Structures are given as C-alpha cells and as structure tokens.
Amino acid sequence: MVKRINTSQLRSQLRQAQSKQRQAINKYNQAVRNVNQAINNYNTAARAHNAKVRTNRQRLAGELARLQSRPTTTRYVRYSTSVQSVRTSFHRVEATAAAGTWADERNLLNMAEGEAANSVEALNRLLEESPEAVKDEDSRLEDTGLTNELTDIDPELQSRWAGALFSLSPRNPDAARHFCTSAREILTSILNGQAPDRVVQQSLPNFPPTPNGGVSRRAKIHYLLARTGNDVDGMAEFVDADIDSVITLFDDFNHGTHGPAGRFDFSQLTVIKRRVEGSIRFLHRIVN
C-alpha cells in the first residue's frame, strides 16, 4: 500500500533532497578548488625551482667566463686545481641527472651546481687586483648567511661557528688561521657526527678505506647519501671534491702571501667565509 504524504511532508523531503544536493555540489567544488590549488602550488614551486636552476647555471657560466678571461697566474695554484676537480665531478652528476633515473627529491643537483659556481666565484674574487672598500668591516664579517643549518645538526656547532666569525678581523694577523681551523673542525664534526665509523662499516662493508684501512671521508659521504637514496653516480665524488676544495682554500690562505703585517683584507676574508657557508648549507641538505 502506497504511503500517503501531505504537502508539508513533501516540501520537507524536497528541502532535504535539495540540501543534500547542495552539500554534494559544495563538496565537489571544494575538491576541485583543492586540486586547482595543489596544481597552482606545484606550478609555482616548479617555476621557482627552474628559475633558481637557471640562475645557478648562468652564474656558473658567468664566473667561468670571468676566470677564462684572466691572464695566467701562479697565485692560488692549488685552489685553482681543486676548482677544476669540482667542475669535472659536477659534470658526472649532471650526466646522471640527465639520464632520468635519479628522482633528486632534495634538489641536490641545483645545490651542487651552486657549489660549483661558488668555487669559481671564490677564485675570481681572490684574483681581483682591487679589493672592495667597506666600512665597519669587523661587524660585516661577523654577519652570516647561515640560519638554522648548524643548529639542526648539532647546537654545539652553532657556538663554534659564532666563535669562528668572532675571530675574523682584517686587523687580526691570525684571522685566517683561526677561522680556517674552526671551520675545518666544523666540517669534520658534521661528517663524523652524522656518519660514525662503526655505523659506516656496518652499513657499507666494502667502504672506500683510507691508506691505513680506516673509514675515509668518501665512505662517510657514500653512507650519508645512501640514507636518502641519493648515492647516485658521481654525487659522492662531487661532495668529496667540494669539501676538499674548501680545505685546499684554507691551506692556500694559510701558506700564501697576503697584506701588510701578515693581514688579509676584508674582501679575502669575506671570500673564505662565504665559501664555507655554501659548503655547510650543502652538507646540511645532505644530512637532514
């Protein structure tokens, strides 16, 4: 028997049906908006990434052009050789990325290209004949481009970095030596803290050893890259070459000729500080 309904009940059912329809439409529209927003966010991120990649590529090309336009010199020979090693190893990383088998979710290719540019830029700045004149040099040298990178890894490293920056002063004849010593210890501490020998030996039984059979820096780098699936062809070699280039810069600074009374000028001290900052940012991206 068909159930009879009155006009009021019919209107109520219609309102309920219309309400459900509106809810369904609103839910659908919200889902569409969410998808569109996700697409917009992705496109924005992709444009920013591509622009940054182009910036690093252009910066590297520009710095190389500047370097090639300079006359032959016997200054900073060891660092110049290390810069060439960084460039050569970057080409291998670039070839790996071009093969299309590396996801590179951490954007390491872009950062590696930035480091390659940093290495050449540092050499160009060191070879400049006329250093820039800067007011309030000491306070400028204590400024840093690093934010939370060292604190993320180990808060103690941030304290060491602050001490290294404090030692920088064109009036301090030992500024470069003090800074280089602290910076070298920071780079070493990052690798040793994040890749202890015992852990590397367990994870990589066939690790590249040092001449005396110990765990090499290259082995630690392989381990750190493998943790995130980024131990691709050429990357460990590049990271190792980049760190070696920074350390070579330290050695060239400490054994090279410099200004009056054994002092380095503001421009030279700024170069080495920026080179170290770039290397720390790169390691931070790898280990975190």
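Worth saying up front: this structure is predicted, and the values here are computed from it rather than measured.
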(request) Could you tell me whether Glu113 and Arg87 have a side-chain N and a carboxylate O separated by less than 4.0 Å? (result) no
(request) Measure from the side-chain N and O atoms of Lys220 to the backbone N and O of Gln194, and report whether any donor-acceptor pair falls under 3.5 Å. (result) no
(message) In the structure I gave you, are the side-chain heavy atoms of Ser216 and Pro208 within less than 4.5 Å of one another anywhere?
(response) yes
(request) Look at the side chain of Arg59 and the backbone N and O of Gly114, then say whether any donor-acceptor pair between them is shorter than 3.5 Å. (result) yes
(message) So, taking the atom named CD1 in Ile280 and the one named CD1 in Ile153, what distance separates them when rounded to the nearest 0.5 Å?
(response) 8.0 Å
(message) Please give me the minimum heavy-atom distance between Leu187 and Ser279, naming the atom from each residue.
(response) CD2-OG, 3.9 Å
(request) For the pair Asp242 (side chain) and Asp240 (backbone), establish whether a donor and an acceptor sit closer than 3.5 Å, ignoring hydrogens and angles. (result) no
(request) State, to 0.1 Å, how close Leu109 and Ala97 come at their nearest heavy-atom pair, and which atoms those are. (result) CD2-CB, 3.6 Å
(request) Mind running side chain to side chain contact (heavy atoms under 4.5 Å, CB included) on Asn26 and Gln30 for me, showing each step along the way? (result) CA-CA 6 Å; Asn26 289 339; Gln30 183 60 50; over 6 Å; no
(request) Dump the intermediate steps for side chain to side chain contact (heavy atoms under 4.5 Å, CB included) on Arg125 and Glu128, then the final yes or no. (result) CA-CA 5 Å; Arg125 292 287 300 278; Glu128 288 175 352; 3.7 Å; yes
(message) Counting only heavy atoms from other residues, nucleotides and ligands, does the tally under 6.0 Å from CZ of Arg11 exceed 12?
(response) no
(message) Side-chain heavy atoms nearer than 4.5 Å, only ILVMFWY residues, links allowed to pass through others: does that put Leu67 and Leu60 together?
(response) yes
(request) Working to the nearest 0.5 Å, report the span between NE2 of His91 and CZ of Phe238. (result) 10.5 Å
(request) Side-chain contact test, heavy atoms from C-beta onward, threshold under 4.5 Å: evaluate it for Glu237 versus Arg218 and give yes or no. (result) yes
(request) Test side chain to side chain contact (heavy atoms under 4.5 Å, CB included) on Arg33 and Asn36 and set out the steps. (result) CA-CA 5 Å; Arg33 285 193 292 272; Asn36 289 337; 5.6 Å; no
(request) Report yes or no: do Val199 and Leu224 belong to one cluster of Ile/Leu/Val/Met/Phe/Trp/Tyr joined by side chain heavy-atom distances under 4.5 Å? (result) yes
(request) Rounded to the nearest 0.5 Å, what's the gap from CD on Glu115 to CZ on Arg285? Could you check? (result) 11.5 Å
(request) Identify whether Phe166 and Leu269 are in the same connected component of the hydrophobic contact network (ILVMFWY, side-chain heavy atoms under 4.5 Å). (result) no
(message) When you compare the side chains of Thr88 and Gln84, does any donor N or O come within less than 3.5 Å of an acceptor on the partner?
(response) yes
(message) I'd like to know if the side chain of Ser89 reaches the main chain of Val86, judged simply by a donor and an acceptor atom lying under 3.5 Å from each other, with no hydrogens or angles considered.
(response) yes
(request) Report yes or no: does Arg275 contribute a side-chain atom to a donor-acceptor pair with the main-chain N or O of Ala122 at less than 3.5 Å? (result) no
(request) Could you check Leu283 against Ile243 for side chain to side chain contact (heavy atoms under 4.5 Å, CB included), going step by step and ending with a plain yes or no? (result) CA-CA 9 Å; Leu283 282 178; Ile243 295 173; 4.1 Å; yes
(message) Quick check: closest heavy atoms across Ala112 and Phe282, and the distance to 0.1 Å?
(response) N-CE1, 4.0 Å
(request) For the pair Glu277 and Arg274, find out whether any cationic side-chain nitrogen is under 4.0 Å from an anionic carboxylate oxygen. (result) no
(request) Taking only Lys NZ, Arg NE, NH1 and NH2, and the carboxylate oxygens of Asp or Glu, determine whether Arg160 and Asp154 approach each other closer than 4.0 Å. (result) no
(request) Would you please say whether a donor-acceptor pair under 3.5 Å links the side chains of Ser82 and Ser245? (result) yes
(request) Output yes when a side-chain donor or acceptor of Asn148 lies under 3.5 Å from a complementary backbone atom of Thr151, and no otherwise. (result) no
(message) Return the OG to CG distance between Ser189 and Leu157, rounded to the nearest 0.5 Å.
(response) 5.5 Å
(request) Please check if the side chain of Asp252 supplies one atom and the backbone of Tyr79 the other of a donor-acceptor pair under 3.5 Å. (result) yes
(request) Look up atom OG1 in Thr270 and atom CG in Leu168, then write down how far apart they are to the nearest 0.5 Å. (result) 8.0 Å
(request) May I ask you to decide if Asp233's main-chain N or O and Thr96's side chain share a donor-acceptor pair within less than 3.5 Å? (result) yes
(message) Counting neighbours of CD on Glu105 that are heavy atoms of other residues, nucleotides or ligands and sit closer than 6.0 Å, is the number greater than 12?
(response) no
(request) Enter the distance from Arg75:CZ to Leu123:CG here, rounded to the nearest 0.5 Å. (result) 9.5 Å
(request) Compute the ring centroids of Trp161 and Phe179, then answer whether they are less than 6.0 Å apart. (result) yes
(message) Minimum heavy-atom separation for Val276 and Val246, please, with both atom names.
(response) CG2-CG1, 4.1 Å
(request) In plain terms, say whether Arg217 and Asp244 are close enough for a salt bridge, that is, a side-chain N and a carboxylate O under 4.0 Å apart. (result) yes
(request) Looking only at non-hydrogen atoms, find the nearest pair between Arg177 and Thr181 and report the distance. (result) O-OG1, 2.8 Å
(request) Could you tell me whether the side chain of Asp231 and the main chain of Leu225 form a donor-acceptor pair under 3.5 Å? (result) no
(request) Using the side-chain hydrogen bond (donor to acceptor under 3.5 Å, both in side chains) rule, take Ser119 and Glu121 through it: C-alpha gap first, then chi angles, then the decisive distance, then the call. (result) CA-CA 6 Å; Ser119 68; Glu121 179 187 24; over 6 Å; no
(request) Assess the side chains of Trp102 and Asn230: does a donor N or O sit below 3.5 Å from an acceptor N or O? (result) yes
(request) Looking only at non-hydrogen atoms, find the nearest pair between Ala236 and His222 and report the distance. (result) CB-CE1, 3.4 Å
(message) Between Asn118 (side chain only) and Gly278 (backbone N and O only), is there a donor and an acceptor less than 3.5 Å apart?
(response) no
(message) Could you tell me if the side chain of Ile272 sits less than 4.5 Å from the side chain of Cys180, heavy atoms only?
(response) yes
